[in-house]
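Here the structure comes first, spelled out in structure tokens, and everything after it is commentary.
Labels below follow one simple rule: chain letters A, B, ... track the order of the sequence lines, proteins then strands, and each chain is numbered from 1. Fair warning: this is a prediction, and the values are worked out from it, not measured in the lab. Computation of the quantities below employed the complete heavy-atom set of this structure, encompassing side-chain atoms and omitting hydrogens, waters and symmetry-equivalent molecules.
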Amino acid sequence: MKKFLSTGLMRGLAFQILGTLAGAGFVTLIRFLMGLKIWGWDKTTYGFTEPAWVFGGLVGVLSFLYGTRVLDDWLKWAAGKETHERHEDPPGWVKFFGPSLDHKVIGIQYTVTSLILLSVGGLFALIFRTELAASGLQFLDPDLYNTLMSLHGIVMIVSILLGIAGVMNYLVPMMIGAADMTFPRLNAFSFWIAVPAAVLLLSSLALGGFDTGWTGYPPLSARAPLGMQMFFLGVFVAGWSSILGALNLLATVLRLRARGMTAFRMPIFVWAAVATSIISLTATQLIGLSFQLVMFQRLFGMGFFDPAKGGNPIIFQHLFWFYSHPAVYVFVLPGLGIISELLPVFARKPLFGYKWVAMSSLGIALVGFLVWAHHMFTSGMNEYLRVPFMYSTLLVAVPTGVKFFSWVATLWGGKIETPTPMMFVLAGLVVFLLGGLSGPPNATVSTDLHLHDTYFIVGHFHDTMFGGYVFPFFAALYYWFPKATGKKLNEKLGHWHFWLMTSGMLVLTLWMMRVGLLGMRRRIADYDPALGFDLSHLVMTVAAFAIALSVLIFFVNVYTSLRKGQAATGNVWNSRSPEWQVPSPMPAHNYEKEFRVVGEPYDYGLPGSAYVKFED
Amino acid sequence: MEHNKSYALSLGLSIFILLAALTGVEYLVAVTVASVFLLVVIALAKAGLVLYYYMHIYRLNRSDLEADRHSYAYKTGSNRFGLWLFLLSDSFVFGGLLVTRFGLLGNTRPDLNQTLGLAVTAVLLISSFFMNRAETSMEHGDRKGFLIGTAATILLGVGFLAGVVGLEWPLAIHEGLTPDSGPAGAVFFMLTGMHAFHVFTGVIFLVIVFRNGLRGLYSAEKHWAVEAAAVYWHFVDVVWIFFYPALYLIGTHL
């Protein structure tokens with residue numbers, strides 16, 4: 001226990017609390033000296049005033065980072081001192097609770113944090129889903145409903161960002177034959193800054209919540225309760241985690257690839273990670289900026305989006321969606337990369353059209369920058385923008401279609417095996433197809449005007465997120481779990497997890513689309529019983545609980561398999577990828593001998609071919 | 001592209017003269033023909049000169065993938081990629097601010113003190129000249145030249161901050177252009193504020209480099225921190241190359 005309390009995490013949290021109080025106290029002192037209001041209790045003043053809380057929140061984040069000691073080496077450099085080139089982690093579980101520089105430890109830290117947030121976000125969804133099970137308000141009031149719905153959105157988004165960061169962090173250096181990321185300290189920093197960000201986001205629940213949805217549109221967000229500011233600040237800080245992680249990943253792929261690994265001999269997942277990182281690196285700044293502008297509007301009365309002062313709320317939506325649409329490609333591209341990575345392994349066939357699949361990831365990323373305003377067809381932007389954005393959006397279907405063509409052609413005539421990871425891959429493929437096919441009706445202006453604020457969008461969105469992220473993410477966890485632990489996850493529990501999640505998912509989203517088409521509006525706490533949706537909502541609620549139960553089964557599986565799972569230290573999936581050519585679990589600093597790439601990555605089934613050769 | 005020291009220093013001076021001349025032309029264009037197209041072209045030309053001659057963007061193109069990956073040179077190459085990726089990311093913030101400025105104000109601009117605007121622009125440009133001189137000196141092992149150049153850059157950077165935050169802001173507020181007066185005030189304070197914040201961090205970075213330089217931590221071969229501080233400083237200058245016309249020159253004032 002004492003050991004746990006002195007870990008970087010606990011030190012950081014203690015520092016964050018003290019830092020927040022110190023920052024808020026500082027602003028309060030200044031306000032006192034200026035004769036302004038310093039104390040009160042209303043929807044923007046929870047004890048401390050709003051400026052005090054915001055500044056305190058920011059100081060709290062910096063204090064957290066200082067407290068975890070993740071900044072220590074940089075501070076030493078600034079003071080002109082030398083540091084050790086390589087840090088060794090302490091043995092055992094302690095290393096996961098403090099700043100480690102090992103990309104595999106950081107990858108696991110990311111993944112576990114992501115799973116924790118996935119559970120929290122899922123719990124929020126279950127609460128308001130239960131409220132919706134019958135018409136009328138049962139146990140939530142509209143404000144709390146709105147807060148939970150908004151937090152479900154943003155907590156899940158942060159969870160996904162951390163999840164992809166975890167998988168990319170863990171896999172990319174191993175796949176390209178590097179000992180670590182290019183900037184290990186920055187890597188640790190990127191993870192640890194996400195923790196106080198999550199704390200900030202969740203703290204909004206205690207500070208009045210916010211009722212805008214995760215999009216935070218002004219003018220509503222300019223007058224929402226104090227929780228809004230914690231949300232803005234939390235997203236801003238989490239954004240830095242995403243930006244710096246992407247920077248590190250790009251630098252790693254550019255600089256640390258094994259000899260002979262030319263661009264078109266990289267594993268396909270690395271291509272997906274690169275495409276994702278290009279978006280995260282650049283576009284994320286725009287959501288940070290848009291939220292900053294609303295924060296300043298609230299704090300200093302700057303009238304960016306205040307029509308009464310001559311501002312324009314539509315500008316916010318442009319800045320916001322310039323990130324937040326490409327963001328969905330940030331979420332799904334790594335998942336689609338995992339699908340492309342695993343299909344050849346389990347179909348025992350080469351990946352069909354490798355180069356096209358590689359380029360399609362970049363294609364989706366680049367076209368993704370040009371489609372943002374399709375979220376704004378109904379929000380009163382200039383009408384001449386509608387049709388160009390409709391066409392650019394429909395264009396996304398082309399590179400996505402390339403991927404589907406490749407997947408189907410890879411499966412065609414293969415000797416398909418279906419252990420749990422492959423089942424998740426196949427389900428991801430099907431569910432993403434449903435999400436993809438329900439996309440064009442939303443991209444087409446004429447139909448979107450009808451569908452925009454209905455559950456159809458909610459169903460479409462959850463299909464793309466589950467197909468593009470959740471299923472491939474779990475596939476990756478089942479697939480690489482032996483690499484990280486030397487143990488295999490239980491297949492039987494894996495099957496339970498799979499069937500519950502897939503059936504629950506399909507029922508939930510297809511019903512969402514159905515009631516949406518029939519006129520069920522989204523983002524509302526209650527609905528008219530005369531619409532006749534009570535039974536549908538009950539079905540959806542049961543399906544949501546099935547999904548929750550399946551995730552619970554996964555956690556049980558992880559726990560029992562870690563304790564007494566089947567040992568798996570060899571190449572359990574018979575993969576050609578370099579990380580499987582050495583025993584599991586992978587040691588610190590990865591490969592003892594460097595390898596050279598001597599062939600194509602996915603020539604499964606070609607006798608005598610090899611992808612990598614280890615140097616003697 | 002490696003030259004002897006006196007050539008490199010005079011190249012830096014020539015580029016500075018060119019940039020100063022272009023700034024003068026820019027101002028004249030604004031007060032005479034007021035062509036937005038010409039102003040954008042001039043800004044792009046200035047930015048191009050800084051990117052190439054002061055920030056040495058071509059160094060990214062050095063092919064060293066077969067080099068020893070544990071060497072200082074290879075790590076510097078990786079660091080350089082990291083820094084430029086960061087600048088790419090950061091430029092999206094400033095791009096977003098420009099979008100906000102033109103989206104809200106269109107072809108109008110706040111009424112600002114033109115003399116002061118030109119003065120702070122000149123101060124920042126001169127600081128870039130000294131920054132280049134400092135970095136070039138270090139590249140050739142001239143520690144004294146490096147320290148003098150860095151000190152001058154720090155002083156001019158502080159001078160720029162004093163000009164913007166210490167003079168321009170109170171002056172604007174005095175004339176009724178407050179942050180809460182409307183979009184013009186909001187845009188003016190947000191753009192100058194965000195830029196000033198970057199100048200401020202650049203000054204801190206330079207102070208650290210100056211202090212470590214004083215203690216003899218850098219040599220002609222090993223001075224990545226100096227290069228990074230210089231490239232960052234020039235980047236902040238490039239941002240101002242676009243912000244200056246966007247705030248002071250383009251459009252009719254309100």
Using a cut-off of under 4.5 Å on heavy-atom pairs, state which of [options] scores highest against chain A.
{"options": "B:Gly185, B:Pro179, B:Ser91", "result": "B:Pro179"}
{"options": "B:Val99, B:Val209, B:Leu97", "result": "B:Leu97"}
{"options": "B:Ile208, B:Val93, B:Leu104", "result": "B:Leu104"}

Next item on the list: State, to 0.1 Å, how close A:Trp77 and B:Asn212 come at their nearest heavy-atom pair, and which atoms those are.
Entry: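 The pair with the smallest heavy-atom distance is O-ND2, 3.6 Å.
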Non-hydrogen atoms of chain B under 4.5 Å away: do they reach the side chain of [X], the backbone, both or neither?
{"X": "A:Ile243", "value": "side chain"}
{"X": "A:Leu186", "value": "neither"}
{"X": "A:Phe322", "value": "side chain"}
{"X": "A:Phe304", "value": "both"}

Next item on the list: Mind checking the CZ-CG spacing from B:Phe86 to A:Leu247? Nearest 0.5 Å is all I need.
Entry: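 Separation between the atoms: 8.5 Å.
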Next item on the list: Can you measure from CG (A:Asn312) to CG (B:Leu105) and round to the nearest 0.5 angstrom?
Entry: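 Interatomic distance, A:Asn312 CG to B:Leu105 CG, rounded to 0.5 Å: 11.0 Å.
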Item checked: Any donor-acceptor N/O pair, B:Asp180 side chain to A:Gly303 backbone, under 3.5 Å ->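 Such a contact is absent between B:Asp180 side chain and A:Gly303 backbone.
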Check: Is a side-chain N or O of B:Ser78 found less than 3.5 angstrom from the main chain of A:Thr182, in a donor-acceptor match?
Finding: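 Side chain of B:Ser78 to backbone of A:Thr182, a donor-acceptor pair under 3.5 Å: no, none is there.
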Notebook entry, point to check: More than 12 foreign heavy atoms under 6.0 Å from OH of A:Tyr66: is that the case here?
Noted result: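 Atom OH in A:Tyr66 is not crowded, with 12 or fewer foreign heavy atoms closer than 6.0 Å.
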Notebook entry, point to check: Do other residues, nucleotides or ligands put more than 12 heavy atoms under 6.0 Å from B:Lys144 NZ?
Noted result: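 Result for NZ/B:Lys144: open.
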Next item on the list: Tell me, out of A:Lys309, A:His318, A:Gln292, who's got the most heavy-atom pairs with chain B below 4.5 Å.
Entry: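 Option with the greatest count: A:Lys309.
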Next item on the list: Establish, yes or no, whether the cationic atom of A:Arg255 lies under 6.0 Å from the six-membered ring centre of B:Tyr74 and within 45° of the ring axis.
Entry: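 Yes, cation above the ring, under 6.0 Å and within 45°.
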